[in-house]
*Asks:* 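Mind having a look at this structure? Questions to follow.
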Protein chains: 2
Amino acid sequence: MKPSRIYLDYAATTPIHPEVWKVMGEVALNVSGNPSSIHAEGRLARTVIEESRKTICKSLNASLSELFFTSCGTESNNTILIGAVRDLGVTRIISSPLEHHCILHALDHIARHHPVEVVYLPVQPTGQPDLEVLAEELKRSEGTKTLVSLMQVNNEIGTTIDLQEYGQLCHDHGALFHSDTVQAVGYTRYDLDRMPIDFMAGSAHKFYGPKGVGFMYIRNDHTLQPLLYGGSQERNMRSGTENIAGIAAMAKALEMACDTLDERSSHMMARRSQLLEGLKKVIPGLTVNGPPMESCSPKILSVNVPEGPRTDLLLMNLDIAGVSASGGSACSSGVESASHVLRHLPVRDGDKTVRFSFSPQTTAEEIDRVIDIMASLTSTTAQVLSSTKD
Amino acid sequence: MKPSRIYLDYAATTPIHPEVWKVMGEVALNVSGNPSSIHAEGRLARTVIEESRKTICKSLNASLSELFFTSCGTESNNTILIGAVRDLGVTRIISSPLEHHCILHALDHIARHHPVEVVYLPVQPTGQPDLEVLAEELKRSEGTKTLVSLMQVNNEIGTTIDLQEYGQLCHDHGALFHSDTVQAVGYTRYDLDRMPIDFMAGSAHKFYGPKGVGFMYIRNDHTLQPLLYGGSQERNMRSGTENIAGIAAMAKALEMACDTLDERSSHMMARRSQLLEGLKKVIPGLTVNGPPMESCSPKILSVNVPEGPRTDLLLMNLDIAGVSASGGSACSSGVESASHVLRHLPVRDGDKTVRFSFSPQTTAEEIDRVIDIMASLTSTTAQVLSSTKD
C-alpha cells in the first residue's frame, strides 16, 4: 500500500475543519440574502454577520466597532498601513525586513507614493527586531507621527515577539503599533481591550477556516478610510457584498481554535521538539532558524541542512517522498532560493532551509517517518527510500 | 399553511446553485494546499485555479492572461479605476451619475487624490448615458488620456447599454473603455477578443455563485499595478492567498449560466412582462423606470407606484406580506429614500419605487401572487391581505 502523504505545511495554509465547513454550508445554503437588504432575507444575513462579529470580538476581547471583515490578511494589512499614512498623518514607519511581503511590498508602495520615511530595524540572529534600536528610533521619531509594524509570528521561522513589550514601548513614545498577526490568530490568546495594540490582521485559512475571508482590528481611537470604495459595507470600512458564509465559518473556526488553544499548542510543541531532536540526530551540522522554543511558535520549525551531494533539490525530493514542507513562505515558495527572511539570518551559504509546520493532528508516527526520510535524503551514502519505491 | 416567501431581489444577490455548491465543497474539502506551494498539494490547488481560469476565459472568449481573480466586483472595479489613473496616466474619466457606488465612490476618491477630471454624462430618461454628449466629450478629450466607465446593466433599473456601440465610440477617439459588468455577467454573451472593451468586472454571487469572489478582465494591451500588495499572486495583480473553492465555484456558476443563457433570459423576460402588465392593470398611474424591454435586462423591473394613503412603507409592507423586493440597490436599501439613480430619472415626487428582480426559477404563480399583494397594498380602499392573516 502506498503510504499516505504527510502534510507539514500548515503555516502555508490549513485545511478547513469539518465542523467549520458544516457551518459554512448551513449559511451558504440557507442564508441567501444580501445583508444590505431590508427584507427578511437581508435581515437574516445581517444577523449572521453580526453574530459572527460578536463571536470573534469575544475571542479577542475587542469591541464590536473595532472589527471589520475583509477578504484576507493581505487586504487587512494593506488597508491598515495605507490608511495610517493617508488618514492618520503617519509620516514615519518602523518595521522589520523579516515581515511578510504583504507588509514589505505595501511599504514599498507607500514609500513610492507618499512622503513617508520607512525604517527597517536590524534583527537579531533569532529573527527578533532589535528592541534597543527600536527604542532609539522611537526617540528619534518624537514629534513625528510614527507607526511601528511588526509581525507577531514570523511565517517562515516561527519567531514570535511579545506584543505587550513591543507595543508598550511604541505607546510610551507616542507611536502607533500595528501587528501582522496572521500566523498568530487562533494560536494565541488576545485581550485587545487591555493590550497596547492599535491594529492587527487575521486570515481564516491559517486557523482551519476557509480561504477568502479575513478581518482587521482597528482600535476605536482611530478612524481610517477604506481601501475599497462602494456600497459602504462594514460601516464604510470595506465595501463589497459580504462573504456571509465565509464570515460565519471564520467565526466558528476562531471559536474552536480558542476553545482548544492550550492542548493544540502542547501537541504541536511536542511534535516540533520530536522532529527537531530527531533531525539533529540524523543530520550532522543541522541548525535551527529562530529563537529557542519559548519564543517560537509551536507550529513552525525551520531548519538548515548543510550542503551535501544530494541536498540540491531537497524540497522536491521530500515532495516525491511524500512529505509536503516548504523552503520559505508559501507565497514565495515557487522558487527554491533563499527567501528575503533567510537572507537576514545567519544561514550558511549552501545550506538548504526547510520549514516544517504542524497541526494538532500531526502524529508522532508521521514525525518519525519524516525523520527517516530526511535522513535518507541527506545521507551522503547513496540509499533508496522505501517510500520512493512505489 | 403559511405561504412561502417570494424572493424577487435577485439583482441584490442570488442564492448559490446546488451544483455550484457541490463543486465548492469538493474543492474546499479535497484541495487543501496553498497554490503558491511547490509540493503536490500546492500544485493541485494551482491546477484547480488555472482550470477555473480556462473555464471562465472560454465563456468570455478572453485570453488566460487577461483574467484575474479578486474578492468581489467592488474590488475589481476599484482596482481598474485606480490602476488606470495611477499606472496608465489617465487624467480624464467620463462616467455616468447612474453607476454603482463602487464606481462613483471610487471616482470621488480618485478626484480627491489625483489630478484627474471626472465628467458625468447627462442621462436620458431611460437611464442611458447620452451618446451624443459622450461623442462631444470624447472629442474634447483628444490629446488627454481618457477612460470611459459605463455599466452594462444598471442594477437599480435594468437599463443596458450596447457595449459594442459605446466601446467603439471610445476607441474611435482613442479613449479606454471600462464597463462595470457585474449585473450582466452570466446574463450576456461576451466575445471579449473581438469587443472594444479594455476592462470589465464580475462577481460570482450575482450569477448563482458564492459571495466573496469575483474577477476582473484587463485587456492584454494594458499593464496595471495591483491594489493589494503582498505575495504577488495572480501574476502580481492581486496578492492574498487565493479563494480556491470560491474560484472553482465561480467558474462552475458561469459555465452553467452560459450554457442556459437563452432559456433563462426568455423565462425571466416572460415573468418580467407578466408582472409589468399585471401591475399596470391593478395600480393606476404606475410607471416604469428604464427603457423598453429590448434595452432592459430581463431580470430587473423597476416601477414607480403613485403616492397613496398606504404607500408610505410599501417595501416594508411587501416584506410583511412575504415578498422580498428592493427600493434601489441592496447596497443602499437600508434607507427608504430615493437612491442616487432614481434622483436622475423622471420619477414623480412622492412615488414609491420598487425594484423586482427575477430568477430562472421565478414562477408565473409567484408573479400572480405579487400582483395581488401589490394591488392590496396600494389600494386606496382599506383591505386585509389574505397572506398577512397568518
Side-chain angles (χ1 to χ4, degrees), chain A residues 5 7 9 12-16 21 25 28-29 32-34 36-42 71-75 77-78 100-102 105-106 108-109 203 205 210-213 227-233 239-246 315-316 319 324-326 329-334 336, chain B residues 5 7 9 12-16 21 25 28-29 32-34 36-42 71-75 77-78 100-102 105-106 108-109 203 205 210-213 227-233 239-246 315-316 319 324-326 329-334 336:
Chain A
R5 290 184 63 85
Y7 183 82
D9 200 12
T13 189
T14 60
I16 195 165
W21 177 250
L29 296 174
S32 56
N34 185 319
S36 297
S37 299
I38 56 170
H39 48 58
E41 288 85 352
S71 70
C72 59
T74 293
E75 186 194 329
N77 282 317
N78 273 235
H100 188 275
H101 277 149
C102 75
H105 291 174
D108 287 348
H109 164 77
S203 180
H205 81 99
K211 292 173 179 64
V213 60
L227 199 62
L228 300 181
Y229 298 89
S232 305
Q233 285 86 350
S239 288
T241 298
E242 299 89 336
N243 178 354
I244 312 169
L315 278 178
M316 282 182 65
D319 182 35
S324 296
S326 140
S329 72
C331 300
S332 51
S333 63
E336 257 202 69
Chain B
R5 290 185 63 85
Y7 183 82
D9 201 12
T13 189
T14 60
I16 194 165
W21 177 249
L29 297 173
S32 56
N34 186 318
S36 297
S37 300
I38 54 169
H39 48 58
E41 289 84 353
S71 69
C72 58
T74 293
E75 187 194 329
N77 281 317
N78 274 234
H100 188 274
H101 278 148
C102 76
H105 291 173
D108 287 348
H109 164 76
S203 180
H205 81 97
K211 294 173 178 67
V213 62
L227 200 61
L228 299 181
Y229 298 90
S232 305
Q233 285 87 351
S239 289
T241 299
E242 297 90 336
N243 178 356
I244 312 169
L315 278 177
M316 283 182 64
D319 183 35
S324 295
S326 141
S329 72
C331 300
S332 53
S333 64
E336 257 201 68

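Computed from a prediction, not measured in an experiment: that's the story for all the values here. Every chain is numbered from 1 and lettered A, B, ... according to where its sequence line falls, protein lines coming before strand lines. Both backbone and side-chain heavy atoms feed into the values below; hydrogens, waters and symmetry mates do not.
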*Asks:* Over 60° means perpendicular and under 30° means parallel, so tell me whether B:His39 and A:Tyr7 are parallel, tilted or perpendicular.
*Replies:* perpendicular

*Asks:* For the candidates A:Asp108, A:Leu228, A:Ile244, which exhibits the highest count of non-hydrogen atom pairs separated by less than 4.5 Å from chain B?
*Replies:* A:Leu228

*Asks:* Is it the backbone or the side chain of B:Ala40 that comes under 4.5 Å from a heavy atom of chain A, or both, or neither?
*Replies:* both

*Asks:* Checking B:Asn34 side chain against A:Ala12 main chain: does a donor-acceptor pair fall under 3.5 Å?
*Replies:* yes

*Asks:* Check side-chain contact (heavy atoms from CB on, under 4.5 Å) between A:Ala106 and all other residues, then give those that pass, not counting sequence neighbours.
*Replies:* A:Asn78, A:Leu81, B:Tyr229

*Asks:* Excluding sequence neighbours, so at least two apart, what forms side chain to side chain donor-acceptor pair (under 3.5 Å) with B:Ser71?
*Replies:* A:Arg238, B:Glu75

*Asks:* Output the option from B:Gly42, B:Gly212, B:Ser203, B:Cys102 having the highest count of non-hydrogen pairs under 4.5 Å with chain A.
*Replies:* B:Cys102

*Asks:* Please determine, among B:Leu29, B:Ile16, B:Thr14, the option with the most heavy-atom pairs under 4.5 Å with chain A.
*Replies:* B:Leu29

